[in-house]
Amino acid sequence: MMFAYSEDGQHFLGFRTNAVGKMQIVYDYEGKMHRIYDVETPNVKTKVISTAITNAVKHRMVVPTLFATLSSQNISLKELV
């Protein structure tokens, strides 16, 4: 698992592999809002996800930045409900 916090410590982004081998991105805002996203695109390199996470936590709009960064590389995410 790789993870990063925003400079103010309010936002957390990380990624992991679940029990069936699917890559997931975890987002948390101040321990109050927790979201998990499946990476729907197969065979995405962890370096690509790491770079997107590192980039996203530097912006005020963390999740939209993450989605935009990955979308620009044709990588899709699906939120688990």
Side-chain angles (χ1 to χ4, degrees):
M1 178 175 188
M2 178 275 175
F3 61 89
Y5 285 92
S6 61
E7 201 170 290
D8 62 8
Q10 293 180 329
H11 301 273
F12 167 88
L13 271 176
F15 73 87
R16 66 186 184 194
T17 304
N18 70 9
V20 294
K22 189 164 201 140
M23 188 180 296
Q24 296 179 318
I25 296 178
V26 178
Y27 171 72
D28 187 80
Y29 175 71
E30 293 187 328
K32 299 173 188 172
M33 179 174 41
H34 189 77
R35 303 277 188 262
I36 299 174
Y37 303 94
D38 279 340
V39 177
E40 292 291 297
T41 306
N43 304 317
V44 177
K45 299 206 181 293
T46 57
K47 175 74 174 152
V48 172
I49 301 295
S50 295
T51 301
I53 285 172
T54 302
N55 181 42
V57 296
K58 294 177 184 175
H59 289 82
R60 189 171 64 88
M61 303 297 287
V62 175
V63 174
T65 301
L66 176 69
F67 271 80
T69 301
L70 294 175
S71 178
S72 72
Q73 299 179 60
N74 296 317
I75 298 169
S76 61
L77 301 178
K78 180 180 178 186
E79 185 175 358
L80 295 181
V81 239

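In what follows, every heavy atom counts, from backbone to side chain, and hydrogens, waters and symmetry copies are set aside.
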Atom pairs and distances, side-chain donor-acceptor, residues 26-33, under 3.5 Å, sequence neighbours left out:
unit_1	atom_1	unit_2	atom_2	d
Tyr27	OH	His11	ND1	2.7
Asp28	OD1	His34	ND1	3.4
Asp28	OD2	Gly31	N	2.7
Glu30	OE1	Lys32	NZ	3.3
Glu30	OE2	Gln10	NE2	2.8

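For residues 57-74, every residue pair satisfying the side-chain hydrogen bond (donor to acceptor under 3.5 Å, both in side chains) rule, not counting sequence neighbours, is listed here: Asn55-Thr69. Screening residues 68-81 for salt bridge (Lys or Arg N to Asp or Glu O under 4.0 Å) gives Arg35-Glu79 as the qualifying pairs, with residues at least two apart or on separate chains.
Partners of Thr54 by side chain to side chain donor-acceptor pair (under 3.5 Å), not counting sequence neighbours: none found. The side chain to side chain contact (heavy atoms under 4.5 Å, CB included) check on Thr51 picks up Lys47, with sequence neighbours excluded. Legend: residues meeting side chain to side chain donor-acceptor pair (under 3.5 Å) with Asn18, ordered by chain and number and at least two apart, are absent. Residues that satisfy the salt bridge (Lys or Arg N to Asp or Glu O under 4.0 Å) test with Lys22, not counting sequence neighbours, are Glu40. With sequence neighbours left out, the side chain to side chain donor-acceptor pair (under 3.5 Å) criterion links Asp8 to Ser6.
Closest of all the heavy-atom pairs between Ser76 and Thr41 is N-OG1, 2.8 Å. Of all heavy-atom pairs spanning Thr46 and Met23, the tightest one is CG2-CE, 3.8 Å.
To the nearest 0.5 Å, the span separating CD1 on Ile49 from CD1 on Ile25 amounts to 4.5 Å. Here the CG atom belonging to Leu13 is positioned 12.0 Å from the CZ atom belonging to Phe3, to the nearest 0.5 angstrom.
Between Leu66 and Leu70 the shortest side-chain heavy-atom distance falls below 4.5 Å. The closest side-chain heavy-atom distance from Leu77 to Val39 is below 4.5 Å.
Cluster annotation: Val63 is connected to Met2 through the hydrophobic network of ILVMFWY side chains, with a link wherever side-chain heavy atoms come within less than 4.5 Å.
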